[in-house]
**Student:** 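First, the structure itself, so that you have it in front of you.
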Amino acid sequence: MPSNPGEVALEIDSPTESPRASSEFEEVSYPTWSQPRAEEELPLHYMGEDKARRRVKGAQAAPESTVMFDADSPAEYDQGDDGGKDVYAKLRQHQTPVSRMRRTSAPPTSVSEFIQQNLEHLPPAIYTLLSCWTRFHDIGKSPYVVWDEAHFGKFGSHYLKREFYFDVHPPLGKMLVGLAGLLSGYNGNYEFKSGEQYPDDVPFVAMRVMLATFGVAMVPLGWYTAVELGMSRRACHLVALMVLCDVAWLAISRFILLDSMLLFFTFLTVYCLTKFNNQQHEPFSFDWWTWLSFTGLSIGMVCSVKWIGLFVTALVGVYTIEDLWEKFGDLKMPVRTYIRHWVARAGCLIGLPIIVYLISFKLHFLILNHSGPGDAQMSSLFQAHLVGNDFSRSPLEAAYGSRVTLKNMGWGGGLLHSHVQTYPVGSSQQQVTCYHYKDENNDWVFLPRWEEPEYNPNGELQFVKHGDVLRLSHFSTGRNMHSHAIPAPVTKTAYEVSGYGNQTIGDSHDYWMVEVVDDIRRGHRNNFETIHTLTTRLRFKHWKLGCYLRAANAVLPQWGFKQIEVSCEKEDNPRDEHTYWNIESHINDRLPPAEITHIRSPFFRDFWHLNVAMMTSNNALIPDPDKEDILASKPFDWPWLHLGLRMCGWGDNQTKYYLLGTPVIWWSGTASLGISLVVFVVYLLRMQRKYVDFAPGEWDHFLYVGKIALFGWCFHYLPFLIMGRVTYVHHYLPALYFSVLMVAHLIDHFFLSARSLSERTKWAVFAFCVISIVGTFWWFRGVAFGIDGPINDHKGLGWRKSWNIYSL
Amino acid sequence: MERPTGSRRRRGYGGIDAPSNVSTSARSSDSEDLPTEHSQRAGATIIPPSPWNLHNYAIVTVMTIIAFGLRFYKLNHPDQVAFDEVHFGKFASYYITGEYYFDVHPPFAKLLLGLAGWFVGYDGSFEFETIGDSYTAAHVPYVGLRALPAFLGSLTVPLVYMIMLESGYPTLVAAFSTVLILLDNGHIGQTRLILLDAQLIFFVTLSLYTYVKFRKVRYLEFTPVWWGWLCATGVALACSLGCKMVGLFTFFTIGTAVLVDLWEVLDVRKEGHTMDYFYKHFIARTVGLIILPAIVYLSFFWVHFALLPKSGTGDAFMSPAFQETLRNNELLMNSQEIRYYDTITIKHKETKVFLHSHPEQYPLRYDDGRVSSQGQQVTGYNHDDVNNHWIVVPTKALPETGRGRIVRHEDIIQLTHVATDTKLLTHDVASPLMPTNTEFTTVSHDEARGDRYNDTLFQVQIDDADPGQAWKSKSGHFKLIHMPTRVALWTHPKPLPEWAFKQQEINGNKKVHEKSNIWYVNEVVAVEGGGEDVRNRTGQVATKEPSKMNFFKKFAELQFLMLQHNAGLTAHHPYASSPLNWPFLLSGISFWTDNEKEEQVYLIGNIVGWWTCVMALSIYTGVIAADLLARRRGTYPIPYTVRNRLWNNAGFFFIAWAFHYFPFYLMNRQLFLHHYLPAHVASALAAGAVYDFIFSELNNFPISYPGPKTRARRPTRSDIFKVPAAITLTILTVLMFAMFLFIAPLTYGTPTLTGEAVNRRRLLSSWTLHFAAKKTTMD
């Protein structure tokens, strides 16, 4: 210890901040189950504390603890064990079933013994059955394409047809939809038009059931997570019941959507994390590795379903950083061990998820090997390899008079495009944009300068070369691509690019100089002269202004149909791929089609390209002030359940589904978050006044559960506040889970595990909670099970005026 | 940080030359007191020597004189309106003319400008219309107006010096921080014009100064001097907030420091810290730092309202009730009670169009295939014509004459279109543009009496009204709710196609509570029976006295509108920049240009100083992080007193910087470089602290005044390495001064620079200067 006086003072000053927290694990050689003797010695140290604070009236021994300990431990273990907040007791109690089964000797010899040994799994089993009933009950009631089934059903079909499509979400969830379709015998030929009735040959019920299975699994996951968080038995029941009884979770799980998978993997990640936390006393053991890598795998999967998964990743990240910070302060831990901790986490929590994410994209590319609606999002070389693509038959060398489409080679780049609409700002000339779908407006023709003789379709064929100055004429409108010293609409520092003039009108601002960068096949530009389709990388330099044609994923406002802005960049940056273009399709009757095999674009290139394109489209999903989106809602509306969402048409004859949470669950969840902060501050203040409310270790555990819930909620909610994109109420569903955990945690802390309350009071509180949860669920079950007949006949559902559940 | 060790270097364990037995009685890390064995009660305490001595006075005087010189130099140039003088000059004039205006900033800074204007005899007649308007031509005493910001801007310089000196830093360090502000082109440029920032920066700096002073007398709790500095802090805070809402960040800064302070007071281990003692402290802070500032802040508004009794440009922002408190307000003059059978025109509050109808009908089928009722079109039209006239028809029996004929809140009425003699109605047919909303049309009287009767019924819901309140023209903002379908009369700026002459669509909005449903009666065109003068119907005289309104209501309304409009300032501005650019000076603001003389004022900081500050902040973060990591590993590399100063004092400056900087990232409004200036002052203070950390091993310690209970301690003196520190300071000053001179033509707008000279001054490619020499044309 240092001799510096000030430091000593500090040590005394902060006893609450316990640097011993993590080192305890190190100091104590923890018992293994094969060595009951060692175990008997160890807990005594802790039991003193345990007994001190576990003055529970009418101790109820948790059934499984009896089972667990009757073989190898003295009676004092289950004495007054309320399943409370002691980490160490929990660690023992909730040793993974795997390890316990592996290490306890006797396999069950009779059914009753089997039941005895697995009694703790009885409640979750019952909940799972109940969950099956709620999720599957009448699941095919509405034989129509409900809500976003129109999207995700269609995406699933694309996998069955193996056609390349584009969407803003990563592929895993949609591949599972496709898998569900495959397993249920769907042939992939249905369009999934919104609101349409399913034809007989689409096994939509089977598909819904398969996807609802993910929703079923949420309930047992909720239960086991609560168990791992060390909640009392009754609090576990509350968590399971709330997960079971929330009608929003229920409704969203019953259709062909990605949300049930997203929720499932989110729950799974939290479960794995808590499970891993409980292995912390035995670092680098088999179970420790198992749960660490499971956490990583489920992170990978949740992120491969929707990018929202990054939020739960952030929770795991913060947990890990705190954990490593704790270990950093453990002076007894050898540096090598500490480094091993880092490496293990980097490998399992960063490496594994990335591998899972990559694999999902690899599968995506492998399955979708046919040309489809999403082609234009990808690079030209990628498209050339899709079955049904005709690039390889276009002429090889570009000449004057060639009709071409030009593809931007930057990440996420699109096709150079123009349409008759004009810029509402700047020059008011015709818009030139970058567009991700193929149509005739993407076609441009290479034409000579005004001073030169007009292009003669019958004259000598003249190839375009490096350094040529030419005009780019838009095929369908005849305008010439033009630039002038007017700032571009979004990137103000660059010049605007527009369509100007026609076949006869124009000026020298229409001239562009072709600069060849290189050719992917032929190498440096000195090696060749003519420009090849697909492989030659070009830049277009404005002859007059010296700027470069560029498209860099800046999205135009609604007047530009959210297409990508094309501008002329003043600064010459020869490495900027957003100024690189290649010829994608090429039509010239005077040239023979080239039968060539193309170079395959590498996987990582395609992967990154697709991800940037997804990011760009995601950012383009901003709320449109001109268009009222009745479905969208603001994040502030969610915690208090301000709005619901009609998932389908609201006619009297339709089965109506309304996406609305169970009010008690949502409201109590939100309230509990606020209360938790108050409670935290009050406890801190009391500590500063030296009130002892917690036994050692108890405060840490109280904080641990609270942090999981609070940080989890914040990470899943707050980002939406600053996100520019349009948000819907179902974006709150992952966050809701953490508020549910917080409710259970606080009720557990103040009532169910409270020392001062009698067993009767606890039962009363518990019963009250159960009745209100189940009662409201039953009251609102219709919104998820489907409401038939005129909605206004169903009284009592409009608890808030802002809900548009009733038609006017 | 490792430097050659000299004999005076004493870093590391036991580094300070305190007696070794200190540790035995050390009690607390957060207190500065290091009690010694010779602890004695008051009387034996050693009073910390005052930081002020003759050469300090000399330095601060010289610096202040230089500051005044630099800020007042050529204050008359440019003699034209520059940048936001357009706004703030105008607002200052309004205080002199007494015309009500609206601005997003609180009034205090503008009140000061108005005061300066009044003082120099300005009559408030100049319009400040556009940037570049000449002052001299209009004989505006603009130099007097500019003198106030320049004066406060100059005074900020000695304040910075005093903050550093009072914080216990040696003269060299105080000079270091001061030079960073003294020679900064950004501060000079911003504080020479009629703007609010000079006032804001001065009061923000003053708040930091008063809080440092307060902190130093904390052992003399509840004495007059203690109360004095506490209240001074509160007043300075209120003044900062009164200048701009940015002052809120200063509140957060001081608030954080106060919370840390109170946390220590709460500590049960300290002698005599009972809960009563804590409550006393808590209440004192509440009074001094919340209640007092609130009173001061409100008083600014009181003065604001008192000085602006007349109708002016700001009327239209305010509610009708507010407007009626202004003399000669249009509402006040023209507001009339509406009676049944009066002919009126109705205007939409947001888009200012009249409710209009004409004989043309809706086309049977729209482009998207939906069908209409083919009824007469009802549209929104922004010109006054007879097709905008509507008669209010009662649905109940009326008395022959008198006040019974007045239309009241929640009355159910019909509206007759005068020109076509038809009745307004809406029904369950989708509107032309929005399938979700209902179509408005008119029907003949026969139909309106027949089975369409119910569809012609509308309820007048006057906004914020009491039951039975009369419906008034101009002031009576109302919603017109359709009785059977409960939709509200609504319009939106999207025009209808050619068949409706591109007029605005009118439709029924199901979201009844939206603000955009509000309309008002623009005019009572003719009254029932005709002939009678509308004005005199009620027998009132034409000139009305302004009505009274509760001050707090007025304040609440204005404050809310300020915040709302502030958040709404999202329009693009060519010189707006994102906060990330600011500390590195990536872009400036063009304040003013003169195309004839090719002169320009370009707001940009002194790049030497700003980058020094950025470096200092990163060093600080690095040191703190290294300290945390080292302590986590059980090593304690920084001596106690140094660490105490580094965490508490430099930390205070650092959070001041952070609080005045990072919240801008969360703002969506347009942001400018000058928003960083308060944070820049804080970063200059932090830079001084870092400079001290680098060059000295020990601090002046203690610096707080001992109280009756504090124990005696042996003071330490700063052992700053004078020579290297002085050399560094000299180099910095010379560089700063050179850079200042170099950029000065952009700051002062004179002398004229050649194109090449402008190019040379474009130190970063992102600076957008005018009159740059063109590059030779390409190709």
Side-chain angles (χ1 to χ4, degrees), chain A residues 1-15 19 324-333 335 338 425 469 487 489-490 492-493 508 511 513 541-547 570-572 625-630 684-691 721-722 724 801-802 804 807-808, chain B residues 12-16 18-31 34 263-269 273 275 278 428 434 436-437 485-487 492-494 509-511 513 572 574 628-629 631-636 638-641 643-644 665-666 668 765-766 768 775 777-779:
Chain A
M1 271 310 189
S3 60
N4 187 320
E7 306 312 336
V8 176
L10 239 167
E11 287 299 302
I12 295 166
D13 190 34
S14 50
L324 289 173
W325 177 250
E326 289 288 331
K327 290 186 169 48
F328 186 67
D330 178 5
L331 299 180
K332 295 206 178 67
M333 183 184 283
V335 177
Y338 186 65
V425 293
V469 179
V490 178
K492 300 278 179 187
T493 51
S508 56
Y511 296 166
M513 185 160 83
K541 181 178 183 179
H542 195 256
W543 191 62
K544 207 71 179 182
L545 299 170
C547 54
K570 288 180 232 176
E571 308 282 334
D572 174 19
D626 304 334
K627 210 174 70 187
E628 189 84 357
D629 188 349
I630 196 147
L684 271 192
L685 292 176
R686 284 174 66 82
M687 278 179 192
Q688 184 76 346
R689 297 302 295 177
K690 277 286 162 293
Y691 290 95
L721 293 178
I722 49 173
K801 281 198 185 113
S802 48
N804 59 348
S807 34
L808 291 163
Chain B
Y13 296 151
I16 59 168
S20 60
N21 54 12
V22 164
S23 61
T24 55
S25 55
R27 287 152 49 87
S28 152
S29 67
D30 41 31
S31 153
L34 275 188
W263 184 249
E264 288 164 15
V265 172
L266 188 66
D267 193 345
V268 74
R269 285 161 303 195
H273 286 196
M275 276 317 272
F278 172 75
D428 199 9
M434 301 178 72
T436 51
N437 291 17
T485 60
R486 305 307 296 177
V487 296
H492 58 100
K494 198 168 178 185
N509 186 359
K510 286 175 182 149
K511 293 178 185 163
H513 298 289
H572 179 80
L628 280 176
L629 287 174
R631 293 174 74 85
R632 192 80 192 147
R633 295 302 294 173
T635 45
Y636 301 84
I638 306 176
Y640 170 69
T641 57
R643 186 170 186 275
N644 182 49
Y665 281 97
L666 299 176
N668 288 324
S765 61
S766 47
T768 44
K775 283 179 199 160
T777 47
M778 36 213 63
D779 290 79

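Throughout, a chain's letter reflects where its sequence line sits, starting with A, and its residues are numbered from 1.
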**Student:** Between B:T768, B:L666, B:L629, which shows the greatest number of heavy-atom pairs under 4.5 Å with chain A?
**Tutor:**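 Ranked by heavy-atom pairs under 4.5 Å with chain A, first place is B:L629.
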
**Student:** Identify which part of A:L685 has an atom lying under 4.5 Å from any heavy atom of chain B, answering side chain, backbone, both or neither.
**Tutor:**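 Backbone plus side chain of A:L685, per the 4.5 Å heavy-atom cut-off to chain B.
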
**Student:** Name all residues meeting the side chain to side chain donor-acceptor pair (under 3.5 Å) criterion together with A:R686; count only those two or more places apart in sequence or in a different chain, and write none if there are none.
**Tutor:**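 Residues passing side chain to side chain donor-acceptor pair (under 3.5 Å) with A:R686: A:D693.
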
**Student:** Side-chain contact test, heavy atoms from C-beta onward, threshold under 4.5 Å: evaluate it for A:L684 versus B:W263 and give yes or no.
**Tutor:** yes

**Student:** Mind checking whether B:V268 and A:Q688 have side chains closer than 4.5 Å, heavy atoms only?
**Tutor:** no

**Student:** To the nearest 0.5 Å, tell me how far A:R689 CZ sits from B:M275 CE.
**Tutor:** 5.5 Å

**Student:** Mark yes when over 12 heavy atoms from residues, nucleotides or ligands other than A:Y691 sit less than 6.0 Å from its OH; otherwise mark no.
**Tutor:** no

**Student:** Identify the heavy atoms of B:R633 and A:K327 that sit nearest to each other, and give their distance.
**Tutor:** NH1-O, 4.2 Å

**Student:** Applying side chain to side chain donor-acceptor pair (under 3.5 Å), can you list everything that pairs with B:D428, at least two apart in sequence or on another chain?
**Tutor:** none

**Student:** Determine whether B:L628 and A:F328 make a side-chain contact, defined as any pair of heavy atoms from C-beta on separated by less than 4.5 Å.
**Tutor:** no

